[in-house]
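Predicted model only: the values in this text are computed from it and were never measured. Counting starts at 1 for both ligands and their atoms, following the listed order.
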Amino acid sequence: MKVLVIGAGGREHVIAHKLKQSPLVNEIFAIPGNDAMSKVAQVHSEIAETEHEQIVAFAQQHGITWAIIGPEQPLTEGLTDKLEAAQIKVFGPNRAAAQIEGSKLFAKELMKKYDIPTAEYTQITNKQDALTYIQSCEYPVVLKKDGLAAGKGVIIAESYEEALSGVEELYQEEEGIVVFEQFLEGEEFSLMTFVNNDYAVPFDCIAQDHKRAFDGDLGPNTGGMGAYCPVPHIEDSIIKRTNDEIAQPIAKALVNEGYSFFGVLYIGAIITDEGPKVIEFNARFGDPEAQVLLTRMESDLMQHILDLEAKKPIQFQWKVDSVVGVMLASKGYPANYEKGKTVSGFDLDGQYFVSGLKKEQDIYVTSGGRVILALGEGKDIASAKAKAYEAVDKIKSNALFYRKDISDKALK
Ligand code: AMP
Ligand code: GLY
């Protein structure tokens, strides 16, 4: 079978790498992909993720059976709908169902209606009301702009002054929806759940991301600076509650409201005194969570997708090892950073996945904020962490930075 992977980041790199190991898959194509993916896929960077008509034409010409869509943008823009209209199977929800990620308000209203645990919220649609609201709300308060923001549309305001500058930032115009949310305290984790309408199968291995830019969870929010799995200090009972109270009810809620979701639903949860609550839903694999989870996954991803389609039991198999991944990012990210800086010292055999590098002549140079994830596997988190930082040390570049505390929450 021929499979097309849509996307250009580390998540798509690991998906292609994983598909390469599947006896079910003979050919792998990537649009737009990245240069590092050409070891495992036929990369077609001449087509952009946003060029839906060209993608459909490509899929038809190349006899693609399945398309796997990695990033949120093509999902929320309806690439799935277009491919499905051309009889191509797609792993990744259609435009309507992808609103669960594309609109914070859509997700919050759905959770409210179906009693799915999440932070209390108020929606505010213009700047004037927002300015009034922040005079009397409780602090800290969380401001979330409706719509996709690559992990950067969220502001945690500790005080009125911070909320004021947040309102100025999020309301570039007078109108616009911002969700003001109660601040929740607790440890966060990510649970990937395969969903085919009412059939929802959570991974029996969770991961933990590191969203802030700097050690000790300081600095601005990013797309993710590193991840690890499993998360040994989060008990199975929490994962079971997340399935019972969040994963199963949200799948049923979507069906009940007339949506058809096929793909992976990412549950970003936080463990509060009252149990796990939803911080966010995504309509796709997490990045970098996918890199650690699919590296640990022993079983066949393509087989899981086919089983999900047929609503058959999904039997995950995992390596006994733990996996830690450390993101190397361009200095300055998530704000301004330079591109075109040389990076070397890595191989492409499964220990590194690339999100922001391109080849110029024969050398790799930076082309994005998050650049490359270095992975380590070990019998426990401590040894996986040591291996991951050994892999970091092999990378030669003076243009990158990384966190030194990835997975430390599991080591305390
Ligand atoms: P989001 O884009 O919604 O995942 O938010 C990014 C990050 O902001 C989350 O991973 C949390 O660390 C933090 N955050 C978002 N919402 C809340 C909340 N209600 N309470 C505490 N932290 C939050
Ligand atoms: N790692 C968080 C995300 O993919 O949204």
Side-chain angles (χ1 to χ4, degrees), residues 7 9-12 14-15 69-73 75-76 98 100-108 111 117-122 137-158 162-163 166 170 178-192 206-214 216-229 231 263-274 276-294 325-327 329 334 353 355 369-370 373 403 406 409:
R11 166 185 47 212
E12 291 73 34
V14 77
I15 289 171
I69 302 179
E72 55 275 24
Q73 199 185 341
L75 295 168
T76 55
I100 196 147
E101 170 164 10
S103 165
K104 304 268 183 207
L105 189 59
F106 174 90
K108 291 303 273 191
M111 286 188 274
T118 188
E120 299 290 331
Y121 74 99
T122 311
C137 70
E138 272 184 46
Y139 287 94
V141 69
V142 184
L143 285 66
K144 296 185 177 182
K145 195 171 170 65
D146 200 44
L148 292 181
K152 290 165 215 152
V154 175
I155 294 167
I156 298 173
E158 304 279 346
E162 285 181 24
L170 297 185
V178 174
V179 172
F180 285 73
E181 209 176 83
Q182 168 200 21
F183 177 80
L184 298 176
E185 221 155 348
E187 190 159 356
E188 290 180 55
F189 65 94
S190 313
L191 175 65
M192 305 302 136
I206 58 170
Q208 202 165 48
D209 188 13
H210 295 65
K211 292 216 163 118
R212 300 297 194 104
F214 309 126
D217 290 335
L218 298 174
N221 263 320
T222 70
M225 293 299 294
Y228 67 97
C229 73
V231 184
V264 75
L265 179 72
Y266 168 121
I267 300 171
I270 188 164
I271 308 169
T272 70
D273 294 342
E274 295 162 6
K277 294 191 178 184
V278 176
I279 290 280
E280 64 166 344
F281 287 123
N282 293 324
R284 47 156 182 95
F285 277 115
D287 185 347
E289 289 94 328
Q291 286 92 308
V292 293
L293 286 164
L294 296 182
V326 179
M327 186 65 74
F353 292 107
S355 44
R370 293 192 296 169
L373 189 84
R403 281 180 58 162
I406 302 303
K409 286 202 182 86

By number and element, which atoms of ligand 1 are closer than 4.0 Å to a non-hydrogen atom of Glu181?
16 (N), 17 (C), 18 (C), 19 (N)
Are the side chain of Lys108 and the backbone of Ala119 linked by a donor-acceptor contact shorter than 3.5 Å?
yes
Numbered atoms of ligand 1 (with element) below 4.0 Å of Phe183, judged on heavy atoms
20 (N), 21 (C), 22 (N)
Would you say the side chains of Lys211 and Thr222 form a donor-acceptor pair under 3.5 Å?
no
Can you confirm whether Lys144 sits close enough to Ile279 that some side-chain heavy atom of one is under 4.5 Å from a side-chain heavy atom of the other?
yes
Pair Glu289, Gln208: side-chain N/O donor-acceptor within cut-off below 3.5 Å
no
Suppose I only count heavy atoms of Asp209 and a 4.0 Å limit; which atoms of ligand 2 are within that range?
1 (N), 2 (C)
Which of the ligand 1 atoms, numbered from 1, are nearer than 4.0 Å to a heavy atom of Lys211:
4 (O), 10 (O)
Note: ligand 1 atoms sitting under 4.0 Å from heavy atoms of Lys144 are 3 (O), 15 (C), 16 (N)
For Gly223, the ligand 2 atoms whose distance to one of its heavy atoms is below 4.0 Å:
1 (N), 2 (C)
Can you list the atoms of ligand 2 that are under 4.0 Å from a heavy atom of Glu289?
1 (N), 2 (C)
Where's the contact between Leu184 and ligand 1, heavy-atom distance under 4.0 Å: side chain, backbone, both or neither?
both
So do the side chains of Tyr121 and Lys104 get within less than 4.5 Å of each other, counting heavy atoms only?
no
Say whether, by atom type as modelled, one donor and one acceptor occur between the side chain of Arg11 and the main chain of Phe285 under 3.5 angstrom.
yes
What do we get for Arg284 next to ligand 2 when only non-hydrogen atoms under 4.0 Å count, side chain, backbone, both or neither?
side chain
Which atoms of ligand 2 are found less than 4.0 Å from any heavy atom of Asn282?
3 (C), 5 (O)
Does Gly7 offer a backbone N or O that forms a donor-acceptor pair with the side chain of Glu12 under 3.5 Å?
no
Sort out for me which residue in Glu185, Glu187, Lys277 forms a side chain to side chain contact (heavy atoms under 4.5 Å, CB included) with Thr272.
Lys277
Using heavy atoms and a 4.0 Å limit, tell me yes or no: is Arg212 in contact with ligand 1?
no
Contact atoms of ligand 1, heavy-atom distance to Glu280 under 4.0 Å:
1 (P), 2 (O), 3 (O), 4 (O)
Non-hydrogen side-chain atoms of Met192 and Leu293 separated by less than 4.5 Å
yes
With a heavy-atom distance limit of 4.0 Å, tell me whether Asn221 approaches ligand 1 through its side chain, its backbone, both, or neither.
side chain
Under 3.5 Å between any N/O of Val154 and any N/O of ligand 1: does that happen in this structure?
no
Taking a cutoff of less than 4.0 Å between a non-hydrogen atom of the residue and any ligand atom, is Glu185 in contact with ligand 1?
no
For Asp146 and Ser103, test the side chains for any donor-to-acceptor distance below 3.5 angstrom and give the result as yes or no.
yes
Is the shortest distance from a Lys or Arg side-chain nitrogen in Glu101 or Arg284 to a carboxylate oxygen in the other one below 4.0 Å?
yes
Below 4.0 angstrom from a heavy atom of Glu188, which ligand 1 atoms are there? Numbered from 1 as shown, please.
9 (C), 10 (O), 11 (C), 12 (O)
With a cut-off of 4.0 Å, which atoms of ligand 2 are near a heavy atom of Gly286?
4 (O)
